[in-house]
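Below, all heavy atoms of this structure are taken into account, side chains as well, without hydrogens, waters or symmetry copies.
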Amino acid sequence: MEIGMFQTDRRVDRDFYIMGWCAAGIFAALFLFVRVTGIPVWKFLLPCPFHALTGAYCPGCGGTRAVRALLAGKWLRSFVLHPFVPYAALLSGWFMISQTIERVSGSRIRIALRFRDVYIWIALLLIVVNCLVKNLALFVWHVDLLG
């Protein structure tokens, strides 16, 4: 099958599907660890070295806080902190659900989301715009959107 913006290779979908289940397993183990031990693992994360050195936000700044907000059910707050996080959660969630339905049904229910390059371009655009907006707000208007 031709690989491009509107078509995909089934092997890519299979590989992402396997990686999705691996990521879900890791996330479940981490979630259980936090629940059982009560140890907040995010307290052990180091601050962003780019922000510490320059005072500017890197393209990933706000991502951890966005994940925490998303897990708390605060979708809008997560989007403001880092729009890539809810975008990736929705896209990967629908990918995994739709791929599972299609695989379990033996392809009788053909609803599986397929990988497209455009999803990567949208993610890149979200990351770049997020970085630009946060740094413009910080240096031009002295508003810290992550503060």
Side-chain angles (χ1 to χ4, degrees), residues 1-35 37-103 110-147:
M1 192 178 272
E2 179 184 331
I3 299 175
M5 185 179 267
F6 299 108
Q7 294 190 359
T8 187
D9 187 333
R10 301 284 177 174
R11 292 173 297 178
V12 173
D13 289 339
R14 183 200 65 218
D15 292 347
F16 276 124
Y17 187 70
I18 292 168
M19 287 188 294
W21 279 112
C22 291
I26 292 168
F27 176 75
L30 183 61
F31 180 78
L32 286 174
F33 175 79
V34 170
R35 286 291 184 183
T37 65
I39 298 171
V41 292
W42 52 87
K43 298 285 185 183
F44 297 104
L45 298 176
L46 298 173
C48 175
F50 182 81
H51 182 67
L53 289 172
T54 66
Y57 291 118
C58 77
C61 278
T64 304
R65 284 174 269 193
V67 169
R68 287 187 64 202
L70 188 67
L71 293 175
K74 300 175 182 175
W75 284 84
L76 184 58
R77 176 83 176 134
S78 177
F79 184 82
V80 169
L81 289 168
H82 206 299
F84 172 75
V85 171
Y87 169 77
L90 286 170
L91 197 64
S92 60
W94 177 246
F95 177 83
M96 292 302 294
I97 290 168
S98 66
Q99 285 279 331
T100 300
I101 290 170
E102 186 167 308
R103 290 164 192 270
R110 298 177 81 45
I111 62 167
L113 179 65
R114 307 279 180 225
F115 173 79
R116 308 283 187 268
D117 290 340
V118 69
Y119 301 141
I120 301 296
W121 289 108
I122 292 169
L124 183 61
L125 180 68
L126 284 171
I127 291 167
V128 169
V129 168
N130 173 62
C131 186
L132 290 174
V133 166
K134 284 190 173 71
N135 283 309
L136 281 173
L138 184 62
F139 292 114
V140 175
W141 299 291
H142 307 290
V143 175
D144 187 357
L145 296 175
L146 296 180

If you round to the nearest 0.5 Å, how far is [atom2] of [Y] from [atom1] of [X]?
X	Y	atom1	atom2	value
Leu132	Lys134	CG	NZ	11.0 Å
Phe31	Leu71	CZ	CG	8.0 Å
Ile122	Asp117	CD1	CG	11.0 Å
Ser98	Arg114	OG	CZ	8.0 Å
Tyr87	Ser92	OH	OG	10.0 Å
Cys61	Leu81	SG	CG	11.5 Å

Minimal non-hydrogen separation, [X] against [Y], with atom names:
X	Y	value
Leu145	Ala137	CD1-CB, 3.9 Å
Ala66	Ser78	O-OG, 2.9 Å
Ile127	His82	CG1-CE1, 4.0 Å
Val80	Asn130	O-OD1, 4.4 Å
Cys131	Tyr57	SG-O, 3.5 Å
Tyr119	Leu113	OH-CD1, 3.1 Å

Ile26: what forms a side chain to side chain contact (heavy atoms under 4.5 Å, CB included) with it, not counting sequence neighbours?
none
Test of understanding: with ring pair (Phe, Tyr, Trp, His ring centres under 6.0 Å), list the residues that count as partners of Phe84, not counting sequence neighbours.
none
Within a reach of under 6.0 Å around CH2 of Trp21, are more than 12 heavy atoms found that belong to other residues, nucleotides or ligands?
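No, because the 6.0 Å sphere around CH2 of Trp21 holds 12 heavy atoms or fewer from other groups.
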Under a 3.5 Å distance rule, please check whether Arg65 uses its side chain to pair with a backbone N or O of Leu146 as donor and acceptor.
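Confirmed, Arg65 side chain pairs with Leu146 backbone.
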Side chain of Glu102, backbone of Ala112: donor and acceptor closer than 3.5 Å?
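Yes; judged by distance alone, with no hydrogens or angles, the pair exists.
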Would you call the rings of Phe95 and Phe16 parallel, tilted or perpendicular, where under 30° means parallel and over 60° means perpendicular?
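Taking Phe16 first and then Phe95, their aromatic rings stand perpendicular (interplane angle over 60°).
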